[in-house]
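Please read the structure below before turning to the comments.
The analysis underlying the following values was restricted to heavy atoms, covering all of them including side chains, and did not include hydrogens, waters or symmetry mates.
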Amino acid sequence: MLTLLSMFYYICLRRRSRSGTRGEALTSRRAVESGQRATLPISVEVEQYAKEVLDFSSHYGSENSMSYTMWNLAGMPNVYPSSGDFTQTAVFRAYGTWWEQCASAPLPFRRTPKAFHSQDYIELAFEEPVYPTAVEVLETYHPGAIVQIMACSLNPFSQNPPTDVRWEVLWAEEPTKVLTPQARQFSPSIKQLSFPTNLIRVEVNSSLLKYYTELDAVVLRGQKERPILSLYKMPRIDICDLSDSDEELSDPGHINLGNGYFDKLPYELIQLIVSHLTLPDLCRLTQTCKLLHQHCCDPLQYIQLSLQPYWSRLSDTSLGHLQGRCTLLQRLNLSWTGNRGALTLTGFSSFMKACGGSLVCLELSCCHFLSEPCLEVISQTCPGLQELNLSSCDRLHPQAFTHISKLTQLRRLVLYRTKIEQTAMLSILTFCIELRHLNLGSCVMIDDYDVVASMLAVRCRSLRSLDLWRCRNLTERGLAELAAGCRLLEELDLGWCSTLQSSSGCFQHLARNLPCLRKLFLTANRTVCDSDIEELAANCPALQHLDILGTRMVSSSSLRKLLQACPKLLLLDVSFCSQVDARIVQELCGLFPNVAIKKSFTQ
């Protein structure tokens, strides 16, 4: 590494730098080389586990317990080095590509950088700021989801936070497919920071995993004193001033060839060419010439705009620069942006008032800068909005959600892990009768889901997907009304809805009334039985995804009937089904190779 550094400085000596003369660069190089030979001071390395979980995008667990929640990442490991499915670990909400294949999944945004792979994240605070030397993640089940580790200059426990919050990437890589689900200690090589940190962010992509990844703890190792090599700042070299010789720059015979007849191309062709650029490249290209400035600032290049990949750099100023170009904006992704003061009500409101008139899709997942005035601005400036995602905006006041009822054209609404209350939800359902996709997963502030289900059955008969993951009080009465009124339902998530009992006949009634059903999650409902599975086999031939994790009353015979009757079935989760052992799963996998049959384990 030191040899490579020396070679780099040798190359730099052959370039002209605006920040220093050749003599200064030579002096700097000698200083570094002499520093390499000197004895470095000994600094004690600090090892610490996460003290607190500050923020995260999703988790498998409940808001009112510790099982499978992100809060399990605080403190020392509970499970490691054991492998398997344990409730004491941190588990994200999704894995694989099943969710992307569903009708409720949003369309991908154009211009998303190929290097951006993150789907979920968690932010962890540690006791003492250090200059990191290692970050270790203890993965206990299906490892390989981690794609990026970042560090922040902000001390979350400081009473005087800095005005300039910086995020630096310590390590990043593409998603990997680990062949074994066994536990491992993941400790990638990280880059050196110029500032101490006690705020670490881990980002994951679970698309290549065969099952949920489980994390047990995160260790931050580092030194309190700044490492000696990081004290040296490399001279800045202007990218426009890298000629190998002075003669080339001063050549009087040098002829400017102009733009090489680029301006002779049809306007539409140039537009097509620049449409393949990422947003940063598009902004850089505007600075090259007037012709490309015109093309790169054309509002047609900004019909859809995803700023999520640039969440760590986005600010009010950034939105202000983009504002004049986004007058035709239709789809906007601001997910993960604006936190810790990066975006304000003033900056967001200004942008929405200038650019929100044509919006049909607005993604605002994990945007903690949002407040009631922000949602009021959205309701006033986006009359044609059809898709709104407020997933994990858990700091929004319940009163703020009443403004959503003014968006009467809504077709897709995601309120996962928000504090919406029953009154606001009923108001939305009263006016937003065009809803096709509704996600109320982990919305713990709704008092009576039977009333919500009844209103859905009356007002939203065109509903295609409904996520009621971990709703705590839906009964067979509400489910019966829902099945009778929303007969076009294709996706229904009733995972961890413990108040539903198979003995009431609710699941069999559901199967008879929803012939278009393609996805049904009955996760952790211990009462699901053979009769329910047989009704699904008889009435739901289009079924693709079925999760009956945890039931003790389903046998292999009913599963065979289901697999034979549902040729489109892709996913069947029978984890912790006591009557379906590993031998039966292996046999069914052999008979139906196109179906991913899941059976998790605990050691």
Do [X] and [Y] have side-chain heavy atoms sitting under 4.5 Å apart?
X	Y	answer
L410	L435	yes
C283	R325	yes
L319	L307	yes
E203	W336	yes
W99	R93	yes
N333	L305	no
L570	V595	no
L440	V452	yes

Original post:
Minimum heavy-atom separation for T430 to L426, with atom names?
Top reply: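 Reported closest heavy-atom pair: OG1-O, 2.7 Å.
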Original post:
Any idea which heavy atoms bring Y416 and S57 closest together, and the distance?
Top reply: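 That would be CE2-O, 4.1 Å.
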Mark yes or no for whether [X], through its side chain, and [Y], through its backbone, hold a donor-acceptor pair below 3.5 Å.
X	Y	answer
T337	L334	yes
K419	D394	yes
D493	L520	no
E214	E139	no
R412	L438	no
S315	A342	no
T197	C152	yes
Q148	V204	no
S350	T346	no
E490	K519	no

**OP:** Please assess Y267 against D298 for the test side-chain hydrogen bond (donor to acceptor under 3.5 Å, both in side chains), listing each intermediate value before the final yes or no.
**Re:** CA-CA 11 Å; Y267 191 90; D298 192 317; 2.6 Å; yes
Quiz question: by atom type and distance under 3.5 Å, do the side chains of [X] and [Y] form a donor-acceptor pair?
X	Y	result
S335	E363	no
Q271	Q301	yes
Q101	T97	yes
N389	S365	no
R417	S392	yes

With a 4.0 Å cut-off, would you call [X] and [Y] a salt bridge?
X	Y	answer
K406	E376	no
R340	E123	yes
K114	E174	no

Original post:
After noting the C-alpha distance and the side-chain angles of T213 and H142, does the key distance pass the side-chain hydrogen bond (donor to acceptor under 3.5 Å, both in side chains) rule?
Top reply: CA-CA 5 Å; T213 188; H142 288 277; over 6 Å; no
**OP:** Show your reasoning for whether ring-ring contact (aromatic ring centres under 6.0 Å, His included) applies to Y60 and W469.
**Re:** CA-CA 10 Å; Y60 186 91; W469 174 264; 5.1 Å; yes
Subject >> Criterion side-chain hydrogen bond (donor to acceptor under 3.5 Å, both in side chains) on Q287 and H293, from CA distance to verdict >> reply: CA-CA 6 Å; Q287 304 174 42; H293 183 277; over 6 Å; no
Original post:
Does the separation of the ring centres of Y95 and Y211 fall below 6.0 angstrom?
Top reply: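 Ring centres of Y211 and Y95 closer than 6.0 Å.
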**OP:** Determine whether the aromatic ring centres of F348 and F369 lie less than 6.0 Å apart.
**Re:**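 Ring-ring flag for F348/F369: true, centres closer than 6.0 Å.
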Original post:
With under 30° as parallel and over 60° as perpendicular, where do the rings of H59 and F56 fit, or are they tilted in between?
Top reply: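 Plane angle between 30° and 60°, so tilted.
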Subject >> Pi-cation contact, W171 with R201 (under 6.0 Å, within 45°) >> reply: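 No, R201 does not sit over the ring of W171.
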Subject >> Six-ring centre of F109, R331 cation under 6.0 angstrom, axis tolerance 45° >> reply: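 Yes, R331 sits over the ring of F109.
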**OP:** First locate atom CD of E434, then atom SG of C460, and finally report the distance between them rounded to the nearest 0.5 Å.
**Re:**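 Output value for this atom pair is 9.0 Å.
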